[in-house]
Visitor: 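Pasting a structure below so you can have a look.
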Amino acid sequence: MRCEARQEADRKKGKVWLVGAGPSDIGLMTVKGKYLLERADVIVYDRLAGQGALTLGNPGARYIDVGKTAGRHPVPQQEIHRILVEEARKGNRVVRLKGGDPFVFGRGAEEALELEKAGIPFEIVPGITAATAVPAYQGIPVTCRNKASSLHLVTAHKKDGSFPDIPYGALAESGGTLVFFMGVHTLPRIQEGMRKAGMKEETPAAVLERGTTAGQRKILGTLKDIAEKAKEAKVQSPALILVGETAGMRELEWYDRRPLAGKKILLTRPREVSGELAAMLREKGAEVLEAPSIRIVPSREAGELAGALAEKPGYDWLVFTSRNGVRIFRDSLRQARVDIRTLAGVKVAAIGPGTGSALEEVGIWPDLMPEIYDGGHLGMALKEAVKTGERVLLPRARKGSPEVTAPLLKIPGVEIREIPVYDIVYETCPFLDIRKEIEEKITDYVLFTSASTVRGFVKTAEGMDFSLVTALCIGKQTAEAAAGYRMQVRTAREATPRALVELAEETAAEETGALK
Ligand code: SAH
């Protein structure tokens, strides 16, 4: 077949990418995997594919959960094969997202063989395997000069659930680092097998649970007591068992040294504007999940903007109260082919630095920004700046706060035109169980940047006891909304991403202090 014809046939047939999602931390997803997720029509995932990786998926994609929990198989392997083949045959771009690396104990080979048999085109996208990453996040190198010169990956669990024949003798002799997968329930037998094979009882051993997440744990022991210690600690799947000299190394434990280590934070603001905040929190060590509770949709009235800007006489002031407003404004002008020079001579106000930097991105340096970044202070600052008889254009959310406009109305002859340029609709994350996150204390803080993000969040978990939520709020109005649902509310010193990060750090530090 000619290349083009082949490509065309492939497109019609669809294709499956078996993508490794890494062990959980979103930062350990590969660039190629992210690219494919963003362009997927269908995303087939299971429990080990980290939530973070899932948030990278095309929001328009269909998410199919084929998750298995240890011992229980909600979706049998045969059924997973059928789904992959069927979705690809419909012409879809299918991403089969798997934890770690798809070809390391992930049954990736089985799935690829089925695709090959069915004549479905596929690609394998390797991922970072838990075998190296989970120890690394605990400061354990799997190889180290004078301590371990080989690495052995072993499954402790057979396909049919029975116990595999592990070559304990050879492993004991190797002197390398041994990594056992899927071994939580078989740990006593592994321990026994290694000891019988002649491995020293004092050989360091560690159980590493939920590695690379905020909830990661390390249970350290030796071949003598590790099974007992793991039982005491009530270790849950997923966990790795490590045996070897490096397992006992403590001097490289870097993970917990960061101020927000061990904290999982949900961000509820729209995805388009949450990136900077997510990055800042991650730098401080937090696990951050971008799970928007609202979505911004341009309104029908946004189309009126271009006409308003063309009016003669023109507007004297343009007032922006959110990054979203700026974004919609920019898109509407582009759509209507309005040249930015139309705005020459128009004064521009921004509610705060976030909105200000969004304006700077389109080449506008705001003329006015209040000292305190909220609607009331913006209104008061405008009252000082706007002159009698001037015309003010306010493109913002439908039902925006009257605090901005009330002081302006006191200026004689002023003309204010509000255009509701966007609507806010509530959004639910397709793979996140908010109730479980909060009730089981998997998520530590929920971060809100507007009253609408609070309402959207509440909507996704109706009936839940919201007093369990620690709400980090950007400002007064947001805090009032959260308090209305009896959340434990903390408010940032000012409405900036930096102040929110500081608020998270203070909250974490207080909790640590309280524990001591
Ligand atoms: N393909 C995966 C392994 C899948 S087998 C990889 O390359 O990492 C599933 C087993 O992997 C689990 O039972 C557990 O032993 C291990 N595992 C996967 N993710 C883990 C994590 N975040 N923390 C600890 N163990 C993990």
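Order of appearance sets the numbers: ligands from 1, and atoms from 1 within every ligand.
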Visitor: Testing Phe181, Phe103, Phe105 one by one against Thr129 for a side-chain contact (heavy atoms from CB on, under 4.5 Å), which residue passes?
Guide: Phe181
Visitor: Is it the case that atom CD in Glu439 sees more than 12 heavy atoms from other parts of the structure closer than 6.0 Å?
Guide: yes
Visitor: Report the relative orientation of the aromatic rings in Tyr137 and Tyr255; use parallel for angles under 30°, tilted for 30 to 60°, perpendicular for over 60°.
Guide: tilted
Visitor: So does Arg145 have more than 12 non-hydrogen atoms from other groups sitting under 6.0 Å from CZ?
Guide: no
Visitor: Which N or O atoms of ligand 1 sit under 3.5 Å from a protein N or O, and how far apart is each pair?
Guide:
| residue | atom | partner | partner atom | Å |
| --- | --- | --- | --- | --- |
| ligand 1 | 1 (N) | Gly99 | O | 3.0 |
| ligand 1 | 1 (N) | Asp101 | O | 2.8 |
| ligand 1 | 1 (N) | Val104 | O | 2.7 |
| ligand 1 | 7 (O) | Asp101 | N | 2.9 |
| ligand 1 | 7 (O) | Thr129 | OG1 | 2.8 |
| ligand 1 | 8 (O) | Thr129 | OG1 | 3.4 |
| ligand 1 | 8 (O) | Ala130 | N | 2.9 |
| ligand 1 | 13 (O) | Met182 | N | 3.4 |
| ligand 1 | 15 (O) | Met182 | N | 2.8 |
| ligand 1 | 15 (O) | Ala239 | O | 2.7 |
| ligand 1 | 22 (N) | Pro23 | O | 3.1 |
| ligand 1 | 22 (N) | Gly211 | N | 3.4 |
| ligand 1 | 22 (N) | Gly211 | O | 3.1 |
| ligand 1 | 23 (N) | Gly211 | N | 2.9 |

Visitor: Tell me whether the count of non-hydrogen atoms from other residues, nucleotides or ligands lying under 6.0 Å of CD in Glu201 goes above 12.
Guide: yes
Visitor: Is it the case that the side chains of Glu114 and Gln77 hold a donor-acceptor pair, with the cut-off being a distance below 3.5 Å and no angle test?
Guide: no
